[in-house]
Amino acid sequence: MHAKSSGGAIIGLTLFFSMALSIAPWPDHLAILMPSWTLLTLIYWSIALPHKVSILTGFSTGLLFDVLTGSLLGQNALIFSTASFFSHSLYSRLRNYPVWQQSTLILMFLGCIKLLSLWLSHFIVHIEYTYQHGLQVLFSALVWPAIFAVLRLIRRHFKVQ
């Protein structure tokens, strides 16, 4: 058996893997449905271990994601830190909901986050809203139960506390 792990390395590896999934070259028909892997992973860790994953973790992950994707520096940092803040604010409630209700709340939350992202991008690059943005949010909510199960399995296997 594994000894109790502080979990910093495991959390970092899962965030790294989720970023790798986000920048991996996907076929066009799958790229339209690409969920927000990194954001969902960050939300999970913020709910599961709020004493370990803070708003600063969200901000630094967002900055790294900005550099990695070549987006406007600070845009994802703002979005990820906002996601961490709301996850921290509601973690005690979210933990008690069944996964399907969490998925519904994730759908509404990611919809608001996507609108914030599009609003910020609209001023800089003049990006217009398309149905693809809504599909990404919907697919992220549909993938949430699988991400939740996998990350919970990882957390329990490595005894991240």
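Computed from a predicted model, the values in this text were never measured in an experiment.
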Check your understanding: Distance from Ile43 atom CD1 to His88 atom NE2, nearest 0.5 Å?
Key -> 11.0 Å
Review point. Do the side chains of Arg95 and Pro50 get nearer than 4.5 Å, heavy atoms only?
Key: yes
Practice item. Drop me the distance from Phe109's CZ to Gln102's CD, to the nearest 0.5 angstrom. Key: 13.0 Å
Practice item. Kindly say whether Gly58 contributes a backbone atom to a donor-acceptor pair with the side chain of Thr61 at under 3.5 angstrom? Key: no
Check your understanding: Using a distance-only test with no angle check, is there a side-chain donor-acceptor pair under 3.5 angstrom linking Arg152 and Tyr44?
Key -> no
**Study point:** OG1 on Thr38 to CZ on Phe65, rounded to 0.5 Å
**Key:** 4.5 Å
Point to revise | Flag, side chain of Ser87 to backbone of Ile47, donor-acceptor distance under 3.5 Å | key: no
Check your understanding: Can you tell me how far CD1 of Ile55 sits from OG of Ser84, rounded to the nearest 0.5 angstrom?
Key -> 7.0 Å
Practice item. Dump the intermediate steps for side chain to side chain contact (heavy atoms under 4.5 Å, CB included) on Leu63 and Ser60, then the final yes or no. Key: CA-CA 5 Å; Leu63 276 179; Ser60 58; 5.6 Å; no
Check your understanding: Do the non-hydrogen side-chain atoms of Trp119 and Leu115 ever get within less than 4.5 Å of each other?
Key -> no
Practice item. Treat each ILVMFWY residue as a node, draw an edge where side-chain heavy atoms are under 4.5 Å apart, and state whether Trp100 and Leu138 are in one component. Key: no
Revision key, fill the gap. Nearest heavy-atom approach of Ala141 to Leu107 is CB-CB, 3.6 Å
Point to revise | By side-chain hydrogen bond (donor to acceptor under 3.5 Å, both in side chains) - contacts of Ser71 (at least two apart) | key: Asp66, Thr69, Asn76
Point to revise | Nearest non-hydrogen partners of Thr82 and Leu78, listed with the distance | key: OG1-O, 2.7 Å
Review point. Would you say the side-chain atoms of Ser117 pair up with the backbone N or O of Ile113, donor to acceptor, closer than 3.5 Å?
Key: no
Review point. Looking only at heavy atoms, which two atoms of Lys52 and Thr57 are closest? And how far apart?
Key: O-OG1, 4.1 Å
Point to revise | Same cluster (ILVMFWY, side-chain, under 4.5 Å), Phe16 and Leu42 | key: no
Review point. Is there a side-chain contact between Leu94 and Gln101, using heavy atoms and a 4.5 Å cut-off?
Key: no
**Study point:** Audit row: Phe80, Phe59, ring-ring contact (aromatic ring centres under 6.0 Å, His included) steps and yes/no
**Key:** CA-CA 6 Å; Phe80 285 19; Phe59 185 79; over 10 Å; no
Check your understanding: Is Met108 reachable from Trp144 through a run of I, L, V, M, F, W or Y residues, each pair having side-chain heavy atoms under 4.5 Å apart?
Key -> yes
Point to revise | Ile11-Leu68 co-clustered via ILVMFWY side chain contacts under 4.5 Å | key: yes
**Study point:** Close side-chain approach of Met19 and Trp37, heavy atoms under 4.5 Å
**Key:** no
Review point. In Å and rounded to the nearest 0.5 Å, what is the CH2 to CG distance from Trp45 to Leu40?
Key: 14.0 Å
Review point. Is Ile32 close to Gln136 at the side-chain level, that is, under 4.5 Å between some pair of heavy atoms?
Key: no
Exercise for review: Treat each ILVMFWY residue as a node, draw an edge where side-chain heavy atoms are under 4.5 Å apart, and state whether Val137 and Phe139 are in one component.
Suggested key: yes
Point to revise | Qualifying residues under side-chain hydrogen bond (donor to acceptor under 3.5 Å, both in side chains), relative to Ser103, sequence neighbours excluded | key: none
Check your understanding: In Å and rounded to the nearest 0.5 Å, what is the CG to OG distance from Leu72 to Ser121?
Key -> 7.5 Å
